[in-house]
Protein chains: 2
Amino acid sequence: MKISTKGRYGLTIMIELAKKHGEGPVSLKTIAQANDLSEHYLEQLIAPLRNTGLVKSIRGAYGGYILSDVPSKITAGDVIRVLEGPITPVEGIEDEEPAKRELWIRIRDAIKEVLDNTTLEDLASHSEDGEADAYMFYI
Amino acid sequence: MKISTKGRYGLTIMIELAKKHGEGPVSLKTIAQANDLSEHYLEQLIAPLRNTGLVKSIRGAYGGYILSDVPSKITAGDVIRVLEGPITPVEGIEDEEPAKRELWIRIRDAIKEVLDNTTLEDLASHSEDGEADAYMFYI
DNA sequence: CAAAATCCATACTAATTTGATAGGCATTAG
DNA sequence: CTAATGCCTATCAAATTAGTATGGATTTTG
């Protein structure tokens, strides 16, 4: 029941690109260093993001990546779907018996609701402040 | 972003126990056969359910398992937490930067809301009918 | 042009998790 | 006693995750 580093680091990349949207290409090296991540690994994650058209690449010296659209038009769901596959708590929901099928569907819809209504703009604008939100720490 | 067979089969076991609650112990063999699952594998899954007190075992011939409480008092969240660990889309939410932390918390709370408000009674009562719910098939 | 910066592609690997299987001991109903 | 059942430990194969390694290909600066 976890989102792997693929989705998490992928979101990290996209948030960085959103923060610098309109300021020209951002290199993976910059993003890797700022977030203490492996540049090589990020390369593997951004490849599908490029292939599906969420980002565009500019090659050569002083190149990098830019968002294909404005941050308010790209959602967390767009990113997670590309890197983690379809958003669902189980594969083949249709094959489950009715009771569990209904449960998985409710969970799936709840997650989709959150991911599809959170844009990169939302995420980027909350990235600067370090304030703790009221509802932060509880399980 | 998946619930593994541990959680899914675990729920299957608990739903079966809920359906026969009050009718004496149910053996794993019965449950395994009814759901076409490996009895040995179910043994491994029910061990933590027994250790945490969600079910009680009756040893010996014609033994089996029974729920420790009425089906309306046990939730899907109780079962999933035991078999899958804490309900959260990422480990160490506290360590994430504010924007993503807020996103993970929203997802976590949405999932918890569903799991903690679905009881075994709900699930067991929907298990007999084979009717397709209106909102079944879409992604 | 040459060198540096950057993207691009493929292959390999170590660790972990998942989903079991195997075999035997312990307990109880009949 | 004996058959049916739970209980326990060990082992294992496949898949997934989280990277590393290597070597390009492309573009810009100087």
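Quick note on labels: first sequence line is chain A, next is B, and so on, each numbered from 1.
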### Task
Look at the side chain of B:Gln44 against the base of C:dA20 and say whether a donor-acceptor pair falls under 3.5 Å; ignore hydrogens and angles.
yes
### Any donor-acceptor N/O pair under 3.5 Å between C:dT21 base and B:Glu43 side chain
no
### Message
Tell me the interatomic distance from B:Asp36, atom CG, to C:dG19, atom C1', rounded to whole angstroms.
### Response
15 Å
### Message
What is the separation between atom CG on B:Leu45 and atom P on D:dC8, rounded to the nearest whole Å?
### Response
15 Å
### Atom pair distance, as rounded to whole Å: CD1 in A:Ile13 and C1' in D:dA18
14 Å
### Message
Assuming nearest nucleotide by heavy-atom distance, tell me which of A:Lys6 and A:Gly60 is located more 5' along DNA chain D.
### Response
A:Lys6
### Task
Give the minimum heavy-atom separation between A:Ile87 and A:Arg108, together with the two atoms involved.
O-CG, 3.1 Å
### Query
Given C:dC25, is OP1 or OP2 found less than 4.0 Å from the side-chain N or O atoms of B:Arg59?
no
### Query
How close or far is atom P of D:dT17 from atom CD of B:Glu91, stated in whole angstroms?
14 Å
### Among C:dA20, D:dT5, D:dT20, the one nearest B:Lys29 by side-chain distance
D:dT5
### Task
Tell me whether the OP1 or OP2 atom of D:dA18 has a side-chain N or O from A:Thr5 closer than 4.0 Å.
yes
### Query
Whole-Å distance between C:dA9 C1' and A:Tyr41 OH?
17 Å
### Task
Round to the nearest Å and state the distance from B:Tyr9 atom OH to C:dT17 atom C1'.
15 Å
### Task
Would you tell me if any nitrogen or oxygen in the side chain of A:Arg50 comes within less than 4.0 Å of OP1 or OP2 on C:dC7?
no
### Task
Figure out the CD/P separation between B:Glu84 and C:dG19, and round it to whole Å.
8 Å
### Query
To the nearest 0.5 Å, how far apart are CD in A:Glu16 and CG in A:Leu42?
10.0 Å
### Message
Looking at A:Ser4, I'd like to know whether one of its side-chain N or O atoms comes within less than 4.0 Å of OP1 or OP2 on D:dA18.
### Response
yes
### Between NZ on residue B:Lys73 and CG on residue B:Leu120, distance to nearest 0.5 Å
12.5 Å
### Message
Can a donor-acceptor pair be found, under 3.5 Å and without considering hydrogens, that links the side chain of B:Glu39 to the backbone of B:Leu28?
### Response
no
### Query
What nucleic acid atoms does B:Ile46 come within less than 4.0 Å of, heavy atoms only: base, sugar-phosphate, or nothing?
nothing
### Query
Hey, is the side chain of A:Ser57 poking within less than 4.0 Å of OP1 or OP2 on C:dC8, counting only N and O atoms?
yes
### Message
How many whole angstroms separate atom OH of B:Tyr62 from atom C1' of D:dT5?
### Response
10 Å
### Query
Nearest nucleotide by nearest heavy atom, which residue falls closer to the 5' end of DNA chain C, B:His40 or A:Leu28?
A:Leu28
### Task
List the steps, then state whether side-chain contact (heavy atoms from CB on, under 4.5 Å) holds for A:Val90 with A:Ile107.
CA-CA 10 Å; A:Val90 308; A:Ile107 292 173; over 6 Å; no
### Task
Verify the contact: side-chain N or O of A:Ser27 to OP1 or OP2 of C:dC7, cut-off strictly under 4.0 Å; return yes or no.
no
